[in-house]
Amino acid sequence: MAKEEDLASSPDLGENATREPLPHQEAMARLQEGISGLISSDMALSYLPRDISLVEARLQLALHQGKAVTVFLRKLDGSSMPISVMQGSRVVDLKRSIRMHIGSQLRRSGEEMPVSWKYVWKTYCLAAGQTKLSDDNELLLNYGVGNRSEVTFIKKLRHENKGKHTRLRTDN
């Protein structure tokens with residue numbers, strides 16, 4: 001067993017071996033700085049944001065390995081944003097990726113405006129062309145959504161007489 005003096009003088013551990021443990025937030029900040037430095041110095045990763053999450057990093061690696069696809073989300077204002085999902089994903093996975101992407105965008109821009117995703121999915125539906133992506137458990141490929149496909153938000157039809165019996169009108 002190594003003695004404490006041996007550990008302190010070990011070239012592998014350096015002076016950090018005798019220091020007090022860092023508080024969690026400071027350790028996380030240093031780790032984030034180190035990761036940011038690695039990302040910015042690597043040519044293949046330099047375009048990624050410095051505060052990339054683990055999920056985002058895994059998706060980017062999967063894209064480079066051909067295990068993920070990019071779906072373009074056309075927003076209501078006409079602009080589009082690339083959303084990455086794994087190959088073989090379901091509609092619910094696309095919705096989760098949209099929520100994660102928009103949340104990251106808002107956080108990085110400094111906006112504190114929360115999005116009510118319950119309201120969004122209750123009011124809007126995703127569509128690929130004229131096909132509504134209505135079943136969350138259905139594979140995206142079954143709706144014809146693949147790499148470089150475009151999906152849009154469309155307003156759901158409102159059923160005003162839901163649950164009520166109404167008579168069919170005739171115009172005679």
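What's counted below: heavy atoms across the whole structure, side chains too, no hydrogens, waters or symmetry copies. One is the number of the first residue; the rest follow in order along the sequence.
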Worked check of side-chain contact (heavy atoms from CB on, under 4.5 Å) between E150 and V71
CA-CA 6 Å; E150 184 175 274; V71 176; over 6 Å; no
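For Q25, the CD atom sits in a loose shell: 12 or fewer heavy atoms of surrounding residues, nucleotides or ligands are nearer than 6.0 Å. Within a 6.0 Å radius of OH in Y119, no more than 12 heavy atoms belonging to other residues, nucleotides or ligands are found.
Linking ILVMFWY residues whenever their side-chain heavy atoms come closer than 4.5 Å, directly or via other members, leaves L63 and M100 in distinct clusters. L133 and V69 end up in the same hydrophobic cluster when Ile, Leu, Val, Met, Phe, Trp and Tyr side chains are linked at under 4.5 Å. Placement of V115 and Y124 within a single hydrophobic cluster is found when ILVMFWY residues are connected by side-chain heavy-atom separations under 4.5 Å, directly or transitively. In the hydrophobic cluster analysis, where Ile, Leu, Val, Met, Phe, Trp and Tyr join through side-chain heavy atoms closer than 4.5 angstrom, F72 is grouped apart from L140. If you chain together hydrophobic residues whose side chains sit under 4.5 Å apart, V120 and L157 never meet in one group.
Looking at heavy atoms from C-beta onward, S84 lies in side-chain contact with Q60 at the 4.5 angstrom threshold. Between R148 and T70 the shortest side-chain heavy-atom distance does not fall below 4.5 Å. Between E33 and S36, every side-chain heavy-atom pair lies at or beyond the 4.5 Å cut-off. Under the 4.5 Å side-chain criterion, counting only non-hydrogen atoms from C-beta, V151 is in contact with V145.
Here S149 contributes atom OG and L141 contributes atom CG; the two are 8.5 Å apart, rounded to the nearest 0.5 Å. Note: T152 OG1 to Q130 CD = 8.5 Å, rounded to the nearest 0.5 Å. Rounded to the nearest 0.5 angstrom, Y143 OH and L94 CG are separated by 11.5 Å. The distance from the CG atom of L61 to the CG atom of L48 is 8.5 Å, given to the nearest 0.5 Å. To the nearest 0.5 Å, the span separating CE on M81 from CZ on R74 amounts to 11.0 Å. Residue L126 holds its CG atom at 4.5 Å from CH2 of W121, rounded to the nearest 0.5 Å.
Between the D136 side chain and the V92 main chain, no donor and acceptor come within less than 3.5 Å of each other.
R108 approaches S53 most closely through the heavy-atom pair NH2-N, 4.4 Å. Nearest heavy-atom pair across G88 and L139 is O-CD2, 3.3 Å. Residues M113 and L106 come closest through the heavy atom pair O-CD1, 3.8 Å. Contact detail for G37 and S40: the closest heavy-atom pair is O-OG, 3.2 Å. Scanning both residues, P82 and H101, for their nearest heavy atoms gives O-CE1, 3.6 Å.
S104 and E56 share a side-chain donor-acceptor pair at under 3.5 Å.
Salt bridge status for D93 with R90: absent, with no side-chain N to carboxylate O gap under 4.0 Å.
Shown are M86, Q87, R58; of these, the side-chain contact (heavy atoms from CB on, under 4.5 Å) with K67 is made only by M86.
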